[in-house]
Protein chains: 2
Amino acid sequence: MSGRAVTISEVARHAGVAVSTVSYVLSGKRTISAGTRRRVLDSINALGYHPNAGARALASRRSNVIALVLPLRAGMHVPVLMRFASAVVTAARRFDHDVLLLTADEGTAGIRRVAASALVDALVLMDVELDDRRVPLLRELAEPSVLIGFPAEPAGLTCVDLDFAAAGARCVEHLAERGHDEIALLGAPSVVYERGTGFARRTREGFVEAVDAHGIKGVALACEETFDEVYETVRDLLLDQPGLSGLVVHNEAAVGHVLAALRQLDRRVPHDVAVVAICPDDVAERASPPLTSVLIPAEEVGREAVRLVMDKLEGRAVPESTLLTPQLAVRAST
Amino acid sequence: MSGRAVTISEVARHAGVAVSTVSYVLSGKRTISAGTRRRVLDSINALGYHPNAGARALASRRSNVIALVLPLRAGMHVPVLMRFASAVVTAARRFDHDVLLLTADEGTAGIRRVAASALVDALVLMDVELDDRRVPLLRELAEPSVLIGFPAEPAGLTCVDLDFAAAGARCVEHLAERGHDEIALLGAPSVVYERGTGFARRTREGFVEAVDAHGIKGVALACEETFDEVYETVRDLLLDQPGLSGLVVHNEAAVGHVLAALRQLDRRVPHDVAVVAICPDDVAERASPPLTSVLIPAEEVGREAVRLVMDKLEGRAVPESTLLTPQLAVRAST
DNA sequence: GCCGGTCGTCGAAGCGCTTCGACACTCTCC
DNA sequence: GGAGAGTGTCGAAGCGCTTCGACGACCGGC
């Protein structure tokens with residue numbers, strides 16, 4: 001493995017064929033006889049040949065690398081991001097692509113740089129905000145891109161995400177079915193609503209519409225993430241609405257605190273208050289009691305994003321919007 | 001930005017110089033007169049030139065990309081990993097390098113592939129285990145690498161991590177100073193100790209040694225991560241040792257549950273039981289009460305790993321082992 | 001028995017960059 | 001004023017791969 005790497009011409013010499021023949025065996029872009037193919041593949045194995053990525057990129061104008069751009073704000077749901085990232089890498093490998101990781105602190109310059117230098121063939125952006133400054137840049141780029149999340153003006157882009165409105169509605173529906181007619185949504189911290197993060201707003205809209213549709217009472221509140229603030233919010237809520245019997249929590253960092261607060265306020269889950277969460281499965285399972293939840297399908301979203309970006313690379317048409325249907329897992333909290 | 005990209009020869013023509021001159025302006029490897037340099041830089045700006053990454057990698061035998069390899073096991077400390085990753089990317093950019101993200105599910109094949117194809121110049125591995133199957137491969141690779149974490153046999157490698165033994169000891173010292181003489185460590189889930197994860201063991205060793213050194217009583221326990229299991233562990237612990245007045249928690253997922261359990265058992269923090277955590281700062285600050293903690297310096301570790309790998313790339317000698325000194329932040333829980 | 005058409009392979013021309021050796025200058029310093 | 005030592009710039013040779021056009025060899029059809 002040390003010393004100079006094996007090149008395609010060494011493989012060609014070893015197999016007794018032309019360099020181009022080796023290339024065609026590898027790419028399959030021209031027919032090669034079975035015997036020749038065998039000999040070439042044997043030589044490749046014998047010599048331990050790996051095509052040089054730079055040379056390949058230069059000649060074929062394809063780097064076989066896609067960029068994965070981290071969100072602008074660190075604040076959010078970090079474990080979920082990691083699962084997105086991991087899912088994107090795994091999915092990309094299935095298309096024989098690697099993944100270059102870009103952070104937001106380089107701003108749009110990083111995106112411009114990797115695109116202009118042909119370091120990447122395409123881009124996937126995580127956790128897009130409603131008013132995302134990276135979006136205008138994507139529109140002028142020649143390289144295809146896919147967004148995870150929805151900006152305010154998604155026309156002409158390709159976006160994929162969990163259908164958070166449906167998720168909010170699904171939670172309401174579940175509580176309504178269980179007979180609860182006075183419920184509340186504890187959502188993201190208020191700063192998240194203010195800066196216009198799509199998924200937080202969409203969950204709230206889905207919640208509000210579903211509450212109306214079912215003719216039940218429901219309020220939507222922001223929810224901070226320290227225990228003390230969560231405790232106060234929950235206490236005040238129960239004080240104001242003694243009849244409240246159902247809670248939807250869409251805040252991964254606060255969900256444990258909500259349960260602790262209820263415990264401390266002597267409300268039993270699900271007997272006094274039923275709780276549905278929108279959060280990753282492991283958080284829901286680790287809680288006490290385990291929570292009925294709509295899971296965040298990070299793997300599926302990542303996979304879908306890669307599939308879409310590969311379709312675009314191949315010149316195939318793709319839908320502008322892909323919304324994944326939420327799945328509710330019923331556990332002990334409702 | 002669409003259409004064919006600007007090449008170095010177009011820049012050369014525009015500036016009225018040779019291609020090689022443009023290259024030398026960019027690399028600084030030969031002296032160029034101020035006037036020529038100005039003209040070339042102006043042309044670069046005017047045309048919006050970005051060097052083609054593939055061509056550059058091919059000619060210079062440097063891709064200016066490093067690989068960041070995710071841990072074998074998911075599950076663990078995910079938010080911390082994300083901060084490592086982000087820190088590594090940011091640090092790498094300062095050395096004009098990009099970061100390729102590799103997951104473990106490709107196994108060692110992924111590492112071999114990106115190294116052999118010259119896609120990356122060097123590797124950084126996150127969260128290395130005591131018996132890590134990637135380590136033998138690194139030894140035979142020509143490309144330099146740095147590990148975050150320590151395998152069982154680190155000789156000949158370059159490893160960097162927080163000094164977890166010192167962190168464990170620091171927590172003990174802090175509690176001893178506060179007059180506590182009967183304390184306990186709640187560590188990682190037992191499966192983590194069993195599979196030989198270095199940082200969990202090292203914290204425990206530091207704890208045990210410091211307890212002996214200070215002549216106080218201290219037990220080290222594994223700690224699972226569901227609320228109910230944590231609750232039982234804490235309850236039994238307090239039952240067995242009525243004199244226990246200090247707790248060190250080295251388990252990010254369980255730390256919230258520990259506090260909730262203490263609350264439920266009517267033990268006040270810090271009045272009845274003092275708590276020190278080893279966890280990221282945001283978790284410590286979000287708890288109630290905010291926790292005295294040794295923070296996991298993800299940014300610093302990531303930065304250091306990149307610095308080391310760049311030193312190795314430049315052929316400079318580096319220490320085999322780099323241990324970062326833990327910092328204790330005193331908050332309301334002790 | 002000759003023509004047109006596949007099929008399988010080859011050689012060569014780039015892809016856009018770095019780097020080496022060469023060369024024309026301009027300064028010293030005797 | 002000429003040798004010697006820098007400077008600053010150029011041209012050309014690759015780096016290892018893909019891809020295009022060409023070309024024998026072989027086929028079937030008349």
Side-chain angles (χ1 to χ4, degrees), chain A residues 3-41 43-44 47-65 96 113-121, chain B residues 3-41 43-44 47-65 96 113-121:
Chain A
R4 239 187 58 279
V6 181
T7 71
I8 196 173
S9 65
E10 300 176 50
V11 173
R13 198 174 320 130
H14 187 273
V17 299
V19 163
S20 49
T21 301
V22 177
S23 178
Y24 287 124
V25 166
L26 252 20
S27 70
K29 292 191 179 172
R30 286 202 182 172
T31 47
I32 298 287
S33 68
T36 306
R37 165 191 271 85
R38 240 311 20 101
R39 255 184 310 134
V40 169
L41 291 177
S43 297
I44 286 173
L47 301 178
Y49 169 67
H50 285 264
N52 179 291
R56 177 174 275 201
L58 179 57
S60 68
R61 317 178 139 278
R62 279 295 188 93
S63 66
N64 276 32
V65 174
D96 197 32
R113 179 173 53 78
V114 296
S117 67
L119 226 189
V120 305
D121 298 333
Chain B
R4 239 189 56 279
V6 181
T7 71
I8 197 174
S9 66
E10 298 176 50
V11 173
R13 198 174 323 129
H14 186 273
V17 299
V19 163
S20 50
T21 303
V22 177
S23 179
Y24 286 124
V25 166
L26 252 21
S27 70
K29 292 191 178 171
R30 285 202 181 171
T31 47
I32 297 287
S33 68
T36 305
R37 166 190 270 85
R38 241 311 20 101
R39 254 181 314 133
V40 169
L41 292 176
S43 296
I44 286 173
L47 301 178
Y49 169 68
H50 286 263
N52 179 291
R56 176 173 277 200
L58 179 57
S60 68
R61 318 178 137 277
R62 280 293 189 93
S63 66
N64 276 33
V65 174
D96 198 31
R113 179 173 52 78
V114 297
S117 67
L119 226 190
V120 306
D121 298 333

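Atom set for the values below is all heavy atoms of this structure, side chains included, hydrogens, waters and symmetry mates excluded. Chain letters run A, B, ... following the sequence lines, proteins first, then strands; residues in each count from 1.
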Undergrad: At less than 3.5 Å, do the side-chain atoms of B/Ser20 and the base atoms of D/dG11 form a donor-acceptor pair?
TA: yes
Undergrad: Reckon B/Val17 touches a base, only the sugar-phosphate, or nothing at all at heavy-atom distances under 4.0 Å?
TA: sugar-phosphate
Undergrad: Nearest whole Å is fine: how far is D/dG16 P from A/Leu58 CG?
TA: 12 Å
Undergrad: Reading DNA chain C from 5' onward, which residue's closest nucleotide shows up sooner: B/Ala55 or A/Ala18?
TA: A/Ala18
Undergrad: Whole angstroms only, please: what is the CG-P distance between B/Asn64 and C/dC17?
TA: 14 Å
Undergrad: D/dG14 P sits how many Å from B/Arg61 CZ, rounded?
TA: 13 Å
Undergrad: Provide, to the nearest angstrom, the distance between the CZ atom belonging to B/Arg56 and the P atom belonging to C/dC15.
TA: 19 Å
Undergrad: Roughly how many Å is it from CD1 in A/Ile8 to P in C/dC15, rounded to a whole number?
TA: 19 Å
Undergrad: Looking at A/Glu10, A/His14, A/Arg38, which hits side-chain hydrogen bond (donor to acceptor under 3.5 Å, both in side chains) with A/Ser43?
TA: A/His14
Undergrad: So A/Tyr49 and A/Leu26, side-chain contact (heavy atoms from CB on, under 4.5 Å) or not? Walk me through it.
TA: CA-CA 11 Å; A/Tyr49 169 67; A/Leu26 252 20; 3.7 Å; yes
Undergrad: In whole angstrom, give the distance that lies between atom CG of B/Asn52 and atom C1' of C/dG16.
TA: 6 Å
Undergrad: For DNA chain C, determine which residues of residues 21-33 of chain B have any heavy atom closer than 4.0 angstrom to one of its atoms, and list them numerically.
TA: B/Ser23, B/Tyr24, B/Lys29, B/Arg30
Undergrad: It should be established whether A/Arg62 places a side-chain nitrogen or oxygen under 4.0 Å from OP1 or OP2 of nucleotide D/dC17.
TA: no
Undergrad: If you pin B/Thr36 and B/Ala59 to their nearest nucleotides in DNA chain D, which one's is more 5'?
TA: B/Thr36
Undergrad: Between B/Arg37 (CZ) and D/dG8 (P), how many Å, whole number?
TA: 9 Å
Undergrad: What's A/Ser60 touching, base or sugar-phosphate or nothing? Going by heavy atoms closer than 4.0 Å.
TA: sugar-phosphate
